Protein chains: 2
Amino acid sequence: MKGGPIDPLVCPMSYTVSIVGGKWQWVILWLLYNEKVQRYGELKKRLSTISHKMLSQQLNSLEFEQLIHREEYPQIPPRVEYSLTEKGETLIPILKLMAMWGGQNGSQAHIE
Amino acid sequence: MKGGPIDPLVCPMSYTVSIVGGKWQWVILWLLYNEKVQRYGELKKRLSTISHKMLSQQLNSLEFEQLIHREEYPQIPPRVEYSLTEKGETLIPILKLMAMWGGQNGSQAHIE
DNA sequence: CAGGATCCTATTTGATACTG
DNA sequence: CAGTATCAAATAGGATCCTG
C-alpha cells in the first residue's frame, strides 16, 4: 500500500482527473445531462463567460475521450447536437454528487 | 428554468469546480483521505511530478477553502500534518466515486 | 450556425535560491 | 523539514477574422 510516487497510470484518481479534469468539462457534462442543452450555440449562451475557442476545445476534448457524442445534421444552416455517450453516462453519479455538494455549500456567492 | 445564460448565483456545478477544480486538489484530497498521507514531504514524494511550489499553492488553496486542516508541530526539524476538515470530509463520497471511476475506466490497478 | 486558424497577452508553472 | 521569493519559460486564454 505504501510505495513509490504516484504513477498516473496506476492511481485511479489521477486517471480520472486526467480524463475530465477541467472545470469547464464538468459544467458542460452537467448541462448535457441535467438540462439537456445540446446545441453548440445554446451551450455558448449558457456558459456566458466561456470563450468561443475554449468551448470548442473542451468539446473536442470530451469527444476525444469518448464522453460525449457529436451528431452533425447536414443542413443549412448547420445543426450540431452533443450528448453523453454510454461512457459519459457512467459519470452521472459523480455529476450528481458534485452538483449537490455545490448546492449545499453555497452557490450564492459565486460568479459562474 | 430553461432559457437564459447560466445564472452565476445558481449553478451548483460551477460553484463546486471553482472551489476544488484543479486536478491536483482532487488527488491531494484523495491521498489525505484514502492513504492517510499527511506530511508535506510525504505528499511531495507521492506526487512525484508536482513541483514544490505547486504543492504549496494547492495546499494553501485547499486550506483557504477550509477543506483541509494544517497542523504545525513546533519542533526542529519542523513537522506539519494535513488532514481533511469536516467540510473536506463532505467530499469523500465524490472522491470515492471518482477514484472508482478511474479504476474501472483507466488502469487495471487500484490503490487500496 | 458551428467552429477552425491566427495572433497576442495573461496566467500558470517550473527551476533555482533562500529562510526559520 | 517545510515552506517562501523570484524570474524565466511554457501554456492557457481571449479577440478577431475566416470558412462551409
Side-chain angles (χ1 to χ4, degrees), chain A residues 2 5-6 8 14 17-29 31-32 36-65 67-84 111-112, chain B residues 2-6 8 14 17-29 31-32 35-65 67-83:
Chain A
K2 301 300 282 294
I6 283 190
S14 296
V17 295
S18 75
I19 296 299
V20 50
K23 55 174 262 181
W24 290 119
Q25 269 107 329
W26 290 112
V27 180
I28 289 170
L29 291 171
L31 289 180
L32 290 182
K36 279 72 183 175
V37 177
Q38 293 187 316
R39 296 189 60 175
Y40 181 91
E42 188 68 14
L43 287 168
K44 180 70 185 68
K45 278 182 203 152
R46 303 284 290 175
L47 302 167
S48 57
T49 63
I50 199 174
S51 72
H52 174 48
K53 178 183 174 183
M54 188 52 41
L55 179 54
S56 288
Q57 286 178 347
Q58 303 295 293
L59 289 171
N60 284 337
S61 173
L62 289 170
E63 187 187 6
F64 178 79
E65 299 296 347
L67 297 175
I68 66 175
H69 170 71
R70 181 178 183 277
E71 185 72 34
E72 185 173 355
Y73 299 88
Q75 308 174 349
I76 302 292
R79 174 188 182 86
V80 175
E81 290 189 353
Y82 293 92
S83 56
L84 295 184
I111 299 183
E112 182 133 15
Chain B
K2 303 290 287 295
I6 282 189
S14 295
V17 295
S18 75
I19 297 300
V20 48
K23 51 175 265 182
W24 290 118
Q25 269 107 327
W26 290 113
V27 180
I28 290 171
L29 291 171
L31 288 180
L32 291 181
E35 302 201 38
K36 279 74 183 174
V37 176
Q38 294 186 314
R39 297 189 60 174
Y40 181 91
E42 188 69 12
L43 287 167
K44 180 69 185 70
K45 277 182 204 152
R46 303 286 291 176
L47 302 166
S48 59
T49 63
I50 200 174
S51 72
H52 189 43
K53 178 184 176 184
M54 186 56 37
L55 178 55
S56 289
Q57 287 179 348
Q58 303 296 294
L59 288 171
N60 285 338
S61 172
L62 289 170
E63 188 187 4
F64 177 81
E65 299 296 347
L67 297 176
I68 65 174
H69 170 71
R70 180 178 184 278
E71 185 72 33
E72 184 171 355
Y73 299 88
Q75 307 174 350
I76 302 291
R79 174 186 182 88
V80 174
E81 290 189 352
Y82 294 93
S83 55

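Since the model is a prediction, treat every value here as computed from it, not as a measurement. So you know, we letter chains A, B, ... as the sequences are listed, proteins then strands, and number each from 1. Computed over heavy atoms, backbone and side chain alike; hydrogens, waters and symmetry mates excluded.
Here D:dT19 presents its P atom at 18 Å from OH of A:Tyr40, a figure rounded to the nearest Å. Taking atom NZ of residue A:Lys44 and atom C1' of nucleotide D:dA15, one finds them 12 Å apart after rounding to whole Å. A:Ile28 has its CD1 atom 12 Å from the P atom of C:dG3, to the nearest Å. Between B:Gln38 atom CD and D:dA2 atom C1' the separation is 15 Å, expressed in whole Å. With rounding to whole Å, B:Lys45 atom NZ is found 10 Å from D:dC1 atom C1'. When rounded to the nearest whole Å, the span between CG of A:Leu55 and P of D:dG14 equals 11 Å. Taking atom CG on B:Leu59 and atom P on D:dA2, their separation rounds to 11 Å, with Å as the unit. Rounded to an integer number of Å, the gap from A:Glu63 CD to C:dA2 P is 15 Å.
Between the side chain of A:Trp26 and the backbone N or O of A:Val20, at least one donor-acceptor pair lies under 3.5 Å.
By the ring pair (Phe, Tyr, Trp, His ring centres under 6.0 Å) test, B:His69 is found to be paired with no residue, residues two or more places apart in sequence or in another chain being considered. Here B:Glu63 pairs with nothing under the salt bridge (Lys or Arg N to Asp or Glu O under 4.0 Å) rule; sequence neighbours left out. Taking the ring pair (Phe, Tyr, Trp, His ring centres under 6.0 Å) definition, one finds that B:Tyr40 meets it with B:His52, sequence neighbours left out.
The NZ atom of A:Lys44 sits 8.0 Å away from the OG1 atom of A:Thr49 when rounded to the nearest 0.5 Å. A distance of 10.0 Å separates OH in B:Tyr73 from CZ in B:Arg39, rounded to the nearest 0.5 Å. Interatomic distance, B:Leu67 CG to B:Ile28 CD1, rounded to the nearest 0.5 Å: 11.0 Å. Atoms CD and CD, on B:Glu71 and B:Glu81 in that order, are 8.0 Å from each other to the nearest 0.5 Å.
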(request) Take A:Glu65 and A:Gln25 through the side-chain contact (heavy atoms from CB on, under 4.5 Å) test and state the conclusion after the steps. (result) CA-CA 11 Å; A:Glu65 299 296 347; A:Gln25 269 107 329; over 6 Å; no

(message) Using side-chain contact (heavy atoms from CB on, under 4.5 Å), reason through B:Ile50 and B:Val27 one step at a time and then give a plain yes or no.
(response) CA-CA 11 Å; B:Ile50 200 174; B:Val27 180; over 6 Å; no

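A close approach under 4.0 Å does not occur between any side-chain nitrogen or oxygen of B:Arg39 and OP1 or OP2 of D:dC1. Taking side-chain N and O atoms only, B:Asn60 has a distance below 4.0 Å to OP1 or OP2 of D:dT4. Between B:Tyr82 and D:dG3, a side-chain N or O to OP1/OP2 separation shorter than 4.0 Å is present.
By the neighbour-count criterion of 12 heavy atoms within 6.0 Å, atom CZ of A:Phe64 is sparsely surrounded, having that number or fewer from other residues, nucleotides or ligands.
Residues of residues 70-77 of chain A that place a heavy atom closer than 4.0 Å to DNA chain C, in numerical order, are A:Arg70, A:Pro77.
When heavy atoms are screened at a 4.0 angstrom cut-off, B:Ser56 is found touching base atoms of the nucleic acid.
Annotation: side chain of A:Leu59 is in contact with side chain of A:Leu43 (closest heavy-atom distance under 4.5 Å).
Inter-axis angle, ends of the helix from C:dC1-D:dG20 to C:dG20-D:dC1, five pairs per end, rounded to 10 degrees: 50°.
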Check: protein-nucleotides 13-16 of chain C nitrogen or oxygen pairs below 3.5 Å:
{"unit_1": "C:dG14", "atom_1": "OP2", "unit_2": "B:Ser51", "atom_2": "OG", "d": "3.1"}
{"unit_1": "C:dG14", "atom_1": "O6", "unit_2": "B:Lys53", "atom_2": "NZ", "d": "2.5"}

